Structures are given as C-alpha cells and as structure tokens.
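Since this is a predicted model, take the numbers as computed values, not measurements. One-based numbering along the sequence shown.
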Amino acid sequence: MRRLLKQRLLTVQPGLSPILLGGFGAMTIVAEDRPDVQVVLSGLGLGRIPEWVILDPTTNGYCFVRCDRLWEWGALVRAVTVRVPRDFAYLIQAYTRGRITTTGPIGRVQLTAFGRIRVEEIPTNSTAVLSTKGWWSSIKVGKTSGELSANTNGGSVQVEAAAPSSLTISPKGGNVDVHGDWDDRALWILGECWRETLRKST
C-alpha cells in the first residue's frame with residue numbers, strides 16, 4: 001500500500017525576501033489575495049523536522065526556504081508550493097533541480113530550474129529573470145507587459161508579448177516564438193536560435 005503524502009505549512013516572517021532552494025520536486029509559486037507568504041511542502045516525514053531547519057532568516061532582509069537537503073532529516077519532498085500576495089514588493093528567488101510553475105501576476109522574480117519554467121503573467125512594472133539549466137528545458141511565458149529576461153540551454157522560449165518594457169531572450173540554439181504586441185526596440189534575441197518565429201498582432 002502506498003504511503004499518503006503529508007503537507008507541512010510554514011509562514012515566512014513579514015518584510016523578508018524569500019530565497020527558495022528546492023530539490024527534485026515540482027515548485028509552484030502562486031500570487032493571490034493573501035496577507036503573507038506561505039510555504040506548503042508535500043512529501044513524507046516532514047512533521048519531525050524543526051521549523052528552523054526549513055526557514056532560515058538572515059539579518060540582511062532575506063529568508064532561505066531550504067527544501068533541498070531535507071533528506072538528511074529522513075524526509076522526502078515531492079512538491080513545494082509558495083503562496084505570495086499579488087502586490088508582493090520583495091524579490092522572490094528560486095533555485096530547483098525540478099520544474100517551476102507560477103500562477104497569477106508575479107512581481108519581481110529570479111527563477112532558475114533544471115526542468116522547464118512556466119509563467120502565467122508578468123504585469124507592468126514587474127521584472128522576471130528566468131533561466132533553465134537542463135539541456136533543452138523550455139520556458140513558456142503568458143501575458144508579458146513588464147521586463148523579461150529568458151535564458152535556456154538549448155530549450156525553446158515562447159512568449160505572449162503585451163507591450164513589454166524589455167524582452168531579452170538567449171536560447172543557445174533553441175527555438176524562439178514571440179507573438180502579440182511589442183516595440184522592436186524592446187526585443188533582443190542574443191546568440192543563435194534554431195527557428196525564430198515573430199508574430200505581431202495586427
């Protein structure tokens with residue numbers, strides 16, 4: 001009989017910028033109507049781990065959320081979900097060997113994954129730096145009105161442009177697909193790409 005996954009809920013101290021260190025499980029960042037930053041871990045053996053092992057606040061305004069080495073405490077993390085306020089003003093950094101998905105309008109993020117990255121929306125006056133390190137791991141971004149930098153290691157990049165302030169893409173040989181509305185002066189495609197598709201709305 002398979003063991004059922006358990007959840008562990010933690011709250012990041014207000015006023016701190018979270019740095020998420022994931023393992024191999026999927027990571028999801030959800031922007032929603034809420035007052036605080038909540039971390040939800042799904043896995044096995046999470047209840048026995050002290051909170052200070054997972055949440056590690058610093059004295060310079062950051063809080064490490066350490067999910068990458070919890071196996072040393074006998075735990076298995078299958079998924080990490082981080083729920084943040086829609087108007088969250090602090091930088092969110094995430095590093096994982098799995099994949100990252102965001103839902104809702106995200107503000108300032110710096111996301112690095114070995115798997116794929118999927119971002120639903122980058123609103124106006126927001127900044128997103130996205131990087132995939134795995135071979136051919138792709139990046140797909142929905143409505144983009146803010147500033148975006150997307151970098152892959154041969155993976156494809158697909159962006160729905162909605163008059164972004166800046167759009168920089170470095171695919172290292174992967175495909176590039178940009179569709180929607182953008183100023184030609186805001187779009188930069190760096191290095192080689194296998195196939196470049198630019199489709200402007202009429």
Side-chain angles (χ1 to χ4, degrees), residues 5-115 117-134 139 141 146-151 165-166 168:
L5 299 180
K6 302 292 185 180
Q7 288 191 336
R8 176 77 183 272
L9 277 63
L10 306 104
T11 301
V12 175
Q13 182 179 335
L16 297 181
S17 176
I19 301 177
L20 314 171
L21 304 177
F24 289 89
M27 180 180 292
T28 303
I29 301 173
V30 181
E32 59 186 11
D33 295 326
R34 62 176 305 108
D36 53 15
V37 176
Q38 183 186 72
V39 179
V40 183
L41 307 182
S42 298
L44 299 172
L46 300 171
R48 69 172 69 99
I49 302 177
E51 182 173 312
W52 59 265
V53 173
I54 305 172
L55 297 184
D56 183 13
T58 69
T59 57
N60 59 345
Y62 296 93
C63 181
F64 287 94
V65 182
R66 301 186 182 276
C67 309
D68 54 336
R69 301 185 67 87
L70 297 185
W71 57 268
E72 296 178 345
W73 291 76
L76 172 65
V77 179
R78 297 296 300 271
V80 179
T81 301
V82 183
R83 302 184 179 278
V84 302
R86 286 179 179 270
D87 57 351
F88 192 62
Y90 298 93
L91 174 66
I92 302 172
Q93 301 177 67
Y95 307 87
T96 180
R97 298 190 69 83
R99 64 181 186 271
I100 299 177
T101 302
T102 77
T103 61
I106 57 174
R108 300 172 56 212
V109 295
Q110 181 177 317
L111 310 179
T112 302
F114 276 78
I117 295 178
R118 298 290 183 266
V119 174
E120 182 177 9
E121 181 182 355
I122 302 172
T124 304
N125 299 324
S126 298
T127 302
V129 179
L130 314 177
S131 301
T132 55
K133 299 299 184 180
I139 293 175
V141 186
E147 182 177 342
L148 170 64
S149 174
N151 311 279
S165 56
S166 176
T168 304

Steps toward side chain to side chain contact (heavy atoms under 4.5 Å, CB included) verdict (Met27, Thr101): CA-CA 6 Å; Met27 180 180 292; Thr101 302; over 6 Å; no
Any non-hydrogen side-chain atom of [X] less than 4.5 Å from a side-chain atom of [Y]?
X      : Y      : answer
Val37  : Cys63  : no
Leu70  : Leu41  : yes
Leu44  : Leu5   : yes
Pro18  : Phe88  : yes
Leu21  : Val65  : no
Ile106 : Val119 : yes
Val30  : Thr81  : yes

Separation between [atom1] of [X] and [atom2] of [Y], rounded to the nearest 0.5 Å:
X      : Y      : atom1 : atom2 : value
Ile122 : Leu148 : CD1   : CG    : 4.5 Å
Leu130 : Ile100 : CG    : CD1   : 8.5 Å
Tyr95  : Ser131 : OH    : OG    : 9.5 Å
Thr96  : Leu111 : OG1   : CG    : 10.5 Å
Arg118 : Thr103 : CZ    : OG1   : 14.5 Å
Thr124 : Glu147 : OG1   : CD    : 12.0 Å

If you take all heavy atoms of [X] and [Y], which pair is closest and at what distance?
X      : Y      : value
Val53  : Arg66  : O-CB, 3.8 Å
Pro105 : Pro123 : CB-CG, 3.9 Å
Gly61  : Thr58  : N-OG1, 3.8 Å
Ala113 : Gly98  : CB-O, 3.5 Å
Thr11  : Leu55  : O-CD1, 3.5 Å
Cys67  : Gly22  : CB-CA, 4.3 Å

Criterion side chain to side chain contact (heavy atoms under 4.5 Å, CB included) on Ile54 and Leu10, from CA distance to verdict: CA-CA 9 Å; Ile54 305 172; Leu10 306 104; 4.3 Å; yes
Short side-chain to backbone donor-acceptor contact, [X] and [Y], under 3.5 Å:
X      : Y      : answer
Glu120 : Gly104 : yes
Arg83  : Asp36  : no
Arg8   : Leu46  : yes
Ser17  : Leu91  : yes

With Arg108 via side chain to side chain donor-acceptor pair (under 3.5 Å) - residues at least two apart: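 Here no residue qualifies.
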Phe114: ring pair (Phe, Tyr, Trp, His ring centres under 6.0 Å) partners, not counting sequence neighbours: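 So Phe114 forms no ring pair (Phe, Tyr, Trp, His ring centres under 6.0 Å) with any residue.
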With a sphere of 6.0 Å drawn around [atom1] of [X], does it hold more than 12 non-hydrogen atoms of other residues, nucleotides or ligands?
X      : atom1 : result
Tyr90  : OH    : no
Asn125 : CG    : no
Arg86  : CZ    : yes

Ring centroid separation Tyr62 to Phe64 under 6.0 Å: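 They do not qualify: ring centres at least 6.0 Å apart.
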Val129 and Val109: CA distance, side-chain angles, deciding distance, side chain to side chain contact (heavy atoms under 4.5 Å, CB included) verdict: CA-CA 6 Å; Val129 179; Val109 295; over 6 Å; no
Candidate pair Ile29 and Leu20, rule side chain to side chain contact (heavy atoms under 4.5 Å, CB included), full reasoning: CA-CA 10 Å; Ile29 301 173; Leu20 314 171; 4.2 Å; yes
